[in-house]
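Structure incoming, see below.
Numbers here are sequence positions counted from 1. The basis for the numbers below is simple: all heavy atoms, side chains too, and nothing from hydrogens, waters or symmetry mates. Note that the structure is a prediction, hence the values are computed from the model and not measured.
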Amino acid sequence: QVQLVESGGGLVQAGGSLRLSCAASGGILSSLAVSWFRQAPGKGREFVAAVNWKGDITHHADSVKGRFTISRDNTKRTVDLQMNSLKSEDTAVYYCAARGSWGGVMDPGAMDYWGKGTLVTVSS
């Protein structure tokens, strides 16, 4: 079983930056595709970014493209989300999730493993 734990959330002013990290224990994260999703109050879970197992293929949602960057370090078994130029609409709980194949990485219903989330609050 893979356990995912997110860290790095917090309160930041609009225009600022945060770096989220997803760490894994109990399994082999390096063999899994990993996605970041977010859920704002009163809204559904939204895809943010994904990276394949090797780290050479990434995909970012249009809403964060050019501002957020997903990356991974398989030696440390971590996947990071660098978030720059944050906006108030980025306020949400951010979750990392993993699955065994690239297909479906944008679909929260297709993910096999989830973390409990970390809160990001952007003040305007």
Side-chain angles (χ1 to χ4, degrees):
Q1 186 71 12
V2 176
Q3 290 88 44
L4 304 178
V5 179
E6 303 92 341
S7 62
L11 174 65
V12 64
Q13 287 189 332
S17 298
L18 280 177
R19 188 176 185 89
L20 305 183
S21 186
C22 175
S25 61
I28 305 175
L29 184 67
S30 59
S31 65
L32 302 175
V34 177
S35 299
W36 284 94
F37 294 86
R38 66 186 181 186
Q39 187 163 16
K43 295 188 177 181
R45 202 159 288 192
E46 173 191 21
F47 169 78
V48 176
V51 61
N52 71 335
W53 71 271
K54 195 175 180 181
D56 60 350
I57 299 175
T58 61
H59 182 63
H60 297 77
D62 288 344
S63 59
V64 306
K65 202 169 289 183
R67 300 188 298 122
F68 292 11
T69 303
I70 191 171
S71 62
R72 70 187 302 159
D73 185 337
N74 285 338
T75 60
K76 297 180 181 178
R77 294 191 296 182
T78 59
V79 175
D80 290 348
L81 184 69
Q82 177 66 42
M83 306 188 297
N84 299 327
S85 302
L86 283 160
K87 306 175 182 180
S88 57
E89 52 262 45
D90 294 319
T91 294
V93 177
Y94 283 71
Y95 300 89
C96 71
R99 64 178 271 111
S101 61
W102 182 246
V105 293
M106 296 173 59
D107 179 4
M111 306 308 286
D112 297 319
Y113 309 103
W114 287 90
K116 293 184 178 181
T118 185
L119 177 63
V120 171
T121 304
V122 183
S123 64
S124 55

Val122 vs Gln13 side-chain heavy atoms within contact, under 4.5 Å: no
Residue list, side chain to side chain donor-acceptor pair (under 3.5 Å) with Ser71, at least two apart or on another chain: none
Pairs where residues 56-83 contributes a residue and the test ring pair (Phe, Tyr, Trp, His ring centres under 6.0 Å) is met, not counting sequence neighbours: Phe47-His59
Gap between atom CG of Leu86 and atom OG1 of Thr91 - 0.5 Å precision: 8.5 Å
Check: Ser35 side chain, Val105 main-chain N or O, donor-acceptor pair, under 3.5 Å: yes
Non-hydrogen atoms of Trp36 and Cys22 that approach each other most closely: CZ2-CB, 3.6 Å
Gap separating the OG atom of Ser85 from the CZ atom of Arg67, nearest 0.5 angstrom: 7.0 Å
Set of residues satisfying side chain to side chain contact (heavy atoms under 4.5 Å, CB included) with respect to Ser17, sequence neighbours excluded: Gln82, Asn84
Those residues that, when tested against Asp112, pass side chain to side chain donor-acceptor pair (under 3.5 Å) (two or more places apart): none
All pairs passing salt bridge (Lys or Arg N to Asp or Glu O under 4.0 Å) where residues 47-63 contributes a residue, at least two apart: Asp62-Lys65
Glu6 side chain vs Leu20 backbone, donor-acceptor pair below 3.5 Å: no
Minimum heavy-atom distance Ser88-Ser124, with the two atoms named: CB-CB, 4.3 Å
Contact check, side chains of Leu18 and Val120, non-hydrogen atoms, under 4.5 Å: yes
Straight-line distance of Asp73 CG to Thr78 OG1, nearest 0.5 Å: 5.0 Å
Any donor-acceptor pair under 3.5 Å from Asn52 side chain to Ala33 backbone: no
Min side-chain heavy-atom separation Val48-Leu81 under 4.5 Å: yes
ILVMFWY cluster, Met111 and Val93 together (side-chain gap under 4.5 Å): yes
Listed once per pair and sorted, the ring pair (Phe, Tyr, Trp, His ring centres under 6.0 Å) pairs that draw on residues 89-116, sequence neighbours left out: Phe37-Trp114
Sequence-distant partners of Ser101, side chain to side chain contact (heavy atoms under 4.5 Å, CB included), two or more places apart: Arg99
Pairs meeting criterion salt bridge (Lys or Arg N to Asp or Glu O under 4.0 Å) with involvement of residues 43-52, two or more places apart: Arg38-Glu46
Co-members of the apolar cluster containing Trp53 [side chain, <4.5 Å]: none
Working for side chain to side chain contact (heavy atoms under 4.5 Å, CB included), residues Thr69 and Met83: CA-CA 7 Å; Thr69 303; Met83 306 188 297; over 6 Å; no
Under 3.5 Å donor-acceptor, Thr118 side chain and Gly9 backbone: yes
Contacts of Glu89 that satisfy side chain to side chain donor-acceptor pair (under 3.5 Å) - sequence neighbours left out: none
Qualifying residue, where the test is side chain to side chain contact (heavy atoms under 4.5 Å, CB included) with Arg72 and the options are Asn74, Thr75, Ile70: Asn74
Val2/Leu32 under side chain to side chain contact (heavy atoms under 4.5 Å, CB included): CA gap, chis, key distance, verdict: CA-CA 10 Å; Val2 176; Leu32 302 175; 4.1 Å; yes
Derivation of the side chain to side chain contact (heavy atoms under 4.5 Å, CB included) call for Val34 and Leu29: CA-CA 8 Å; Val34 177; Leu29 184 67; 3.6 Å; yes
Side-chain donor or acceptor of Asp90 paired with backbone N/O of Lys87 under 3.5 Å: yes
Residues that Asp80 engages under salt bridge (Lys or Arg N to Asp or Glu O under 4.0 Å), provided they are two or more places apart: Arg19
Listed partners of Ser7 passing side chain to side chain donor-acceptor pair (under 3.5 Å), at least two apart: none
